[in-house]
Amino acid sequence: FVQYVEKECIFCCTLVDRIVAGFPRGEAEHIWQKLSYRDDLLDCGEPFHFFVIEGPQSIEKELPFREAGLNVVFVQDQTPYRTRKVRFLNGAHTASVLAAYLAGFDYVDEMVRDELFGKYLKQVLFKEVFPTVPLPDPEKQAFAEAVLERFANPFAMHRLLSISLNSVSKWKVRVLPSLLDYVRMNGVLPKLLTFSMAALIAFYENKNGTGINRVNAYPVSDSPEIVRFFEEVFQQFSGDPGKIAESVLAKKEFWDMDLNQIPGMTRQVSENLKQIKTDGIRASAWSLLR
């Protein structure tokens, strides 16, 4: 068996790109009636799908997905596709949903249709993420436009709180690389990607409701250690956005680096966080888009 595994088997890295929103609560009863039975494993996924398989071309004959009409590609290196998906689609999610939830939205399509956050998303995608992705411009343009169209799908019912799961690790993987590359290329911080860090801090702090943003309590889904860290920071530096921002940015266990070392990062996040606390998330976001 060991010889079989080592010599005869091929283990392929893969990448899946499809938004799956979960159980369709509002439509379940209607679907069950059409099916004539109850199915508690119903799931809602968008029509778009894209599957990348990294491995030798020979496996394409073994797995004839294309012949079945599926959008599957076989490549030697999936890195460009992963970068495109993580930075554009996943990055746009993580850079926007926490702010949008604090602003009162519950679903992604609501956020996209809003005058403010629709503009916010476009600037994140086309002005701040776009130049950091090493792919041909036409390919990036088409993919970014498709992301906006997919986010606007009103049937997906993709909840912002679902996307907020484990936002700390998601921000590190999905947003931080674009932010660092933008700084390296332009010498300045990207306004909205930087603002998304302040929105993350405000989201973790505001979970019990403050009246300036979300007035009702909501769950923050992350590891107990991360939730406890934020609670201790907010308790220790209550009323001091600068100290809160500095402490969060300095947490190397979260970001694999001290984000205070990025020129201007501490000051900008502190100012964003202070404005969120005084003026609210919506007014703070608008000020960056003018």
Hey, quick one: are [X] and [Y] part of the same hydrophobic cluster, counting side-chain heavy atoms closer than 4.5 Å, chains of contacts allowed?
{"X": "Met197", "Y": "Val188", "answer": "no"}
{"X": "Val133", "Y": "Val73", "answer": "no"}
{"X": "Val86", "Y": "Leu179", "answer": "no"}
{"X": "Phe105", "Y": "Val112", "answer": "yes"}
{"X": "Phe143", "Y": "Val52", "answer": "no"}

**Asked** Do the two ring centres, one from Phe230 and one from Phe234, sit under 6.0 Å apart?
**Response**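 So the answer is yes for these two rings.
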Nearest 0.5 Å, what's the [atom1]-[atom2] distance between [X] and [Y]?
{"X": "Ser164", "Y": "Lys170", "atom1": "OG", "atom2": "NZ", "result": "7.0 Å"}
{"X": "Arg87", "Y": "Leu176", "atom1": "CZ", "atom2": "CG", "result": "9.5 Å"}
{"X": "Leu15", "Y": "Arg84", "atom1": "CG", "atom2": "CZ", "result": "8.5 Å"}
{"X": "Leu135", "Y": "Thr83", "atom1": "CG", "atom2": "OG1", "result": "7.5 Å"}
{"X": "Lys140", "Y": "Glu145", "atom1": "NZ", "atom2": "CD", "result": "13.0 Å"}
{"X": "Gln275", "Y": "Ser270", "atom1": "CD", "atom2": "OG", "result": "13.0 Å"}

Sequence-distant partners of [X], side-chain contact (heavy atoms from CB on, under 4.5 Å), two or more places apart:
{"X": "Glu46", "answer": "Arg18, Ile19, Phe48, Arg150, Asn153"}
{"X": "Ser169", "answer": "Asn166"}
{"X": "Glu149", "answer": "none"}

Each residue besides [X] in its hydrophobic cluster should be listed here, by chain and number; the cluster joins Ile, Leu, Val, Met, Phe, Trp and Tyr at side-chain heavy-atom distances under 4.5 Å.
{"X": "Phe74", "value": "Ile10, Val16, Phe51, Ile53, Ile59, Leu63, Phe65, Leu70, Val72"}
{"X": "Phe23", "value": "Ile31, Trp32, Leu35, Tyr37, Leu42"}
{"X": "Ile212", "value": "none"}
{"X": "Met185", "value": "none"}

**Pairs touching residues 266-279 that satisfy salt bridge (Lys or Arg N to Asp or Glu O under 4.0 Å), sequence neighbours left out** =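 Residue pairs passing salt bridge (Lys or Arg N to Asp or Glu O under 4.0 Å), neighbours aside: Glu205-Lys277, Arg267-Glu271.
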Crowded around [X] [atom1]? As in, over 12 foreign heavy atoms under 6.0 Å?
{"X": "Gln3", "atom1": "CD", "answer": "no"}
{"X": "Glu225", "atom1": "CD", "answer": "yes"}
{"X": "Glu115", "atom1": "CD", "answer": "no"}
{"X": "Arg282", "atom1": "CZ", "answer": "yes"}

**Message:** Please evaluate residues Ile281 and Phe195 with respect to the criterion side-chain contact (heavy atoms from CB on, under 4.5 Å), reporting the C-alpha separation (whole Å), side-chain torsions for both, the decisive distance (0.1 Å), and the verdict.
**Reply:** CA-CA 10 Å; Ile281 193 77; Phe195 177 79; 3.7 Å; yes
**Prompt:** Is there any side-chain hydrogen bond (donor to acceptor under 3.5 Å, both in side chains) pair reaching into residues 120-131, and which pairs are they, with sequence neighbours excluded?
**Reply:**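 Pairs touching residues 120-131 that pass the test: none.
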**Prompt:** Are Asp258 and Gln261 close enough that some pair of their side-chain heavy atoms sits under 4.5 Å apart?
**Reply:**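 Side-chain contact under 4.5 Å: yes.
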**Residue pair Ser178 / Leu193, side-chain heavy-atom distance below 4.5 Å** =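 Yes, side chains in contact.
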**Request:** For Thr210, enumerate each residue passing the side chain to side chain donor-acceptor pair (under 3.5 Å) test, keeping only those at least two apart in sequence or located in another chain.
**Result:**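 Thr210 satisfies side chain to side chain donor-acceptor pair (under 3.5 Å) with Asn206 only.
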**Asked** If only atom types and distance count, is the side chain of Asn213 paired as donor or acceptor with the main-chain N or O of Gly280 below 3.5 Å?
**Response**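 Pair absent, no side-chain N/O of Asn213 close to backbone of Gly280.
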**Message:** Please check this pair: side chain of Ser238 against backbone of Gln235, looking for a donor-acceptor N/O pair closer than 3.5 Å.
**Reply:**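 Pair absent, no side-chain N/O of Ser238 close to backbone of Gln235.
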**Request:** Verify side-chain contact (heavy atoms from CB on, under 4.5 Å) between Leu160 and Glu110, making sure each step is shown before the conclusion.
**Result:** CA-CA 10 Å; Leu160 301 183; Glu110 296 175 340; over 6 Å; no
**Message:** Regarding Asp222 and Tyr204, do their side chains bring together a donor and an acceptor under 3.5 Å, going by distance alone?
**Reply:**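 Note: Asp222 and Tyr204 side chains meet the donor-acceptor criterion.
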**Request:** Assess the side chains of Glu232 and Gln236: does a donor N or O sit below 3.5 Å from an acceptor N or O?
**Result:**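 Result is no, nothing qualifies.
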Please table the atom pairs, donor to acceptor, closer than 3.5 Å between any side-chain atom in residues 240-253 and protein atoms at least two apart or in another chain.
{"unit_1": "Asp240", "atom_1": "OD1", "unit_2": "Gly242", "atom_2": "N", "d": "3.2"}
{"unit_1": "Asp240", "atom_1": "OD1", "unit_2": "Lys243", "atom_2": "N", "d": "3.2"}
{"unit_1": "Ser247", "atom_1": "OG", "unit_2": "Lys243", "atom_2": "O", "d": "2.9"}

Which heavy atom of [X] sits nearest to which heavy atom of [Y], and what is that distance?
{"X": "Leu41", "Y": "Asp39", "value": "N-OD1, 2.9 Å"}
{"X": "Leu273", "Y": "Ala198", "value": "CD1-O, 3.7 Å"}
{"X": "Ala202", "Y": "Tyr218", "value": "O-OH, 4.1 Å"}

**Request:** For side-chain contact (heavy atoms from CB on, under 4.5 Å), just list the numbers for Tyr107 and His158, CA-CA rounded to whole Å, side-chain angles, deciding distance to a tenth of an Å, and then say yes or no.
**Result:** CA-CA 5 Å; Tyr107 296 95; His158 204 181; 5.8 Å; no
**Electrostatic pair Lys172-Asp256, nearest N-O below 4.0 angstrom** =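 A salt bridge is present here (some side-chain N lies under 4.0 Å from a carboxylate O).
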**Prompt:** Can we say Asp40 and Arg25 salt-bridge, meaning some charged N sits less than 4.0 Å from an Asp/Glu carboxylate O?
**Reply:**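 Salt bridge absent between Asp40 and Arg25.
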Per-pair distances, 0.1 Å, donor-acceptor, side chain in residues 92-100, under 3.5 Å, sequence neighbours excluded:
{"unit_1": "Thr94", "atom_1": "OG1", "unit_2": "Asn90", "atom_2": "O", "d": "3.3"}
{"unit_1": "Thr94", "atom_1": "OG1", "unit_2": "Arg174", "atom_2": "NH1", "d": "3.2"}
{"unit_1": "Ser96", "atom_1": "OG", "unit_2": "Ala92", "atom_2": "O", "d": "2.5"}
{"unit_1": "Ser96", "atom_1": "OG", "unit_2": "His93", "atom_2": "O", "d": "3.3"}

**Request:** Tell me, with the steps shown, if Asn260 and Met265 meet side-chain contact (heavy atoms from CB on, under 4.5 Å).
**Result:** CA-CA 6 Å; Asn260 291 295; Met265 186 78 173; over 6 Å; no
